[in-house]
There are 2 protein chains.
Amino acid sequence: MRNKQPTIWDIAIKLNVSISTVSRALRNAPDINPETKKAVLELAQELDYQPNTIATSLRKNKTNIIGVMVPEFVHAYFPNVILGIQEVANAEDYKVMIMQSAESLEIEKHNLQAMMSSRVEGLILAITRETNDYGHIISAQRKGLPIVFFNRIVDELPGSKVMVNDYQGAFMAVEHLIQTGCRRIAHLAGPQNLTIGRNRLNGYLDALKTYQLPIEESLIMPCNFEEGKTRMYTQALLNQTNRPDALFAVNDPTAIEALICIQENGMNIPEHISLVGFSNAPHSAFITPPMTSVVQPLHEIGRHAAELLIRQLNEGTHFIPETHTLDAKLVIRKSTRKA
Amino acid sequence: MRNKQPTIWDIAIKLNVSISTVSRALRNAPDINPETKKAVLELAQELDYQPNTIATSLRKNKTNIIGVMVPEFVHAYFPNVILGIQEVANAEDYKVMIMQSAESLEIEKHNLQAMMSSRVEGLILAITRETNDYGHIISAQRKGLPIVFFNRIVDELPGSKVMVNDYQGAFMAVEHLIQTGCRRIAHLAGPQNLTIGRNRLNGYLDALKTYQLPIEESLIMPCNFEEGKTRMYTQALLNQTNRPDALFAVNDPTAIEALICIQENGMNIPEHISLVGFSNAPHSAFITPPMTSVVQPLHEIGRHAAELLIRQLNEGTHFIPETHTLDAKLVIRKSTRKA
DNA sequence: AGAATTTTCGGCAACGTTTCCGATAACGTT
DNA sequence: AACGTTATCGGAAACGTTGCCGAAAATTCT
């Protein structure tokens, strides 16, 4: 059983003052005698007094907690974003409450309820892969919960959003392939119902157009993030009589699967075929060869999301939600040829 | 600005009953008319009432929150442990508050204060690499905060502990090397002031003894988790006239650094030299060659820690702390020879 | 029918804090 | 000397709940 923690009451009694006075001393209010203040602070120190934030939250109707909900945090992506969130949140004296939805809509709903119940002041949210019904989110927003979305964006929903310029990242990747001499560039594409799938495909297409390379349908493979499919489509590409000299994959897991397939066919990267990934899986630098990839500014995504949320908390109703689009960066490693 | 969330007051007024009645209905107390209860629940549903957990916590002096503090969570290790923690915590109706100390003693102290201030009921803790003064921990424990330690264990501190059998894991690793024909097995060792460093070294030594292989001081390198040192010591080993035919590294990052050094020397793994890591970095399966490594039951560590903590919360003062030691598992990939 | 019991409910105090409001005392002003 | 100011403090209400205690109403028992 816990020993009871000391309260301002204990301090007040020992010092023979009122609890109001103690309270004033503790949060340096102006109208207090410096000497009594000193006495209070010393005794608080001695008793190792920790203010009961629960009572404070209840009284002030303010928890100073912002919620963060992500689909998972065992891969490096979301933890790094959270790091950025925590940086600015801590600087602004907010605490962060982290929950994961495990890619389950049901858990997402449940967690959202828990967050509302805990009276978080705002929420930074990356929705589940299977979230196609936004009732719970809209309902929370209608109750006045500010929400900032990132990573998985839904255009229909109001609120600030932080996203990465997938189009520009894809364009850069393909441009790099072209500039290093590749001419038949295939794309292992993502689902076209997701914006990231569409945008990356568009970046690919526009880069080809810009450099006046022909667009061939047979070089665009709908891998759709699905394991197994990627291998099959990669094999199909390699079997083409006029096989591609480069692969641009919609994300790193897809790229890695393609890499394995290529190596099993006895081909070398990048001599026979170049490969670019997207999104920077943590180990993309450690595989052989280290993979050229489009990396996202994870830290910055978190910082922007937190800043937008806190601005909204401060400015209240007359804050107008913003959408921030951050550029991606191409990290050139050894799965593409030298310029 | 937030719209105010509905309270039991709002429900009480609309239904023309007292707040006590509403409260009773909401937490199905026995002394209430089923019909009024139904009415309350329906209205609560309609208003989308979410109980204010802050008020409840204050009133009941119970937050139902357990704290988790880890040095970082951008690598896979701790997130996976947290997953296990959350599983059992959620099942027991506890919420989890996660903080990271960023390997900084100062932040660890600060976070601990915040946790005390938030009145977490217990703490699951992996201390910082630089934590050598335990004043803040002892003080929290004296105030009645139950703490379960894992990963970084300090023998002197009271409280339950969950650890991995480093000795057994190391023994298995070296045994595997021996059984696949290696005879001169070097050890890239960790800091000897940490139990994990000592235990893994002992497992290495005892495996050699068991199989009656000679122990050579010149094959034991104090890499101490330090980047750069590993490379230097590995190079020294490769330069020996009678160079080792196997390396057992104290952890995966060390192993990977050694791997790079070996490959730069133009040697093949495992033909020229076998390599075993420890602790299973997420990418150890993706490097070339995929690395044989001792893996820890991360999920189970989390589950045990949470179970121990919750048992302590339930049983109160007459709970006697326990230390659980979980076995590690050897995952054989391709950096060691076939049997 | 009256008493005893049960069911159902409302009042109220508490949890620890903040904050408004008013009280007191010491000071300076005319 | 009477007044206004200022510095410092205490009292008390409030935040949203829970849970004890007792009251009223409904039910059962004699």
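Proteins come first, then strands; the chains are lettered A, B, ... in the order of their sequence lines, and each starts at number 1. Side chains included, hydrogens not; waters and symmetry mates left out as well; all remaining heavy atoms used. Predicted model, so just to flag it, every value in this text is computed and none were measured.
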(message) If you go through the side-chain atoms of B:D31, does one of them form a donor-acceptor pair with the base of C:dC9 closer than 3.5 Å?
(response)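 Looking at the base of C:dC9, it does pair with a donor or acceptor on the side chain of B:D31 (distance under 3.5 Å).
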
Whether over 12 other heavy atoms sit under 6.0 Å from [X] [atom1]:
| X | atom1 | result |
| --- | --- | --- |
| A:D93 | CG | no |
| A:E106 | CD | no |
| B:E130 | CD | yes |

Between [N] ([atom2]) and [X] ([atom1]): distance, integer Å:
| X | N | atom1 | atom2 | answer |
| --- | --- | --- | --- | --- |
| B:N61 | C:dT17 | CG | P | 11 Å |
| A:K60 | C:dG16 | NZ | P | 18 Å |
| A:L58 | D:dA13 | CG | C1' | 13 Å |
| B:Q5 | D:dC15 | CD | C1' | 14 Å |
| B:N33 | C:dG10 | CG | P | 11 Å |
| B:R119 | D:dT17 | CZ | C1' | 18 Å |
| A:M116 | D:dG16 | CE | P | 14 Å |

(message) Between A:R152 and A:E103, does any side-chain N to carboxylate O distance fall below 4.0 Å?
(response)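 Yes, this pair counts.
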
(message) Under 4.0 Å between a side-chain nitrogen and a carboxylate oxygen: does that hold for B:R311 and B:E307?
(response)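 Result for this pair is no, no salt bridge flagged.
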
(request) Name all pairs fulfilling the ring pair (Phe, Tyr, Trp, His ring centres under 6.0 Å) condition that reach into residues 34-62 of chain A, sequence neighbours left out, sorted by first residue then second. (result)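 Every candidate ring pair (Phe, Tyr, Trp, His ring centres under 6.0 Å) pair involving residues 34-62 of chain A fails, so no pair, neighbours aside, qualifies.
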
(request) State whether a side-chain donor-acceptor pair under 3.5 Å links A:S23 with A:S20. (result)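 No - no donor-acceptor pair under 3.5 Å links their side chains.
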
(request) Taking atom types as modelled, find out whether B:T56 and B:T53 have a side-chain donor-acceptor pair closer than 3.5 angstrom. (result)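 No, because no side-chain N or O of B:T56 sits under 3.5 Å from a partner of the opposite role on B:T53.
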
(request) Quickly, which of B:I66, B:I65, B:V96 forms a side-chain contact (heavy atoms from CB on, under 4.5 Å) with B:V120? Name it, please. (result)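 Output: one option passes, namely B:I65.
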
(request) Kindly state which residues belonging to residues 44-57 of chain A come within less than 4.0 angstrom of DNA chain D, counting heavy atoms of the residue only, listed by number. (result)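 Per residue number, the list is empty: none.
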
(message) From the set C:dG16, C:dC9, D:dT17, return the single nucleotide nearest to any side-chain atom of B:I32.
(response)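 Shortest atom-to-atom distance from the side chain points to C:dC9.
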
(message) So if I take residues 10-29 of chain B and measure heavy-atom distances to DNA chain C, which residues fall below 4.0 Å?
(response)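 Within this stretch, B:N16, B:V17, B:S18, B:S20, B:T21, B:R24 sit under 4.0 Å of the strand.
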
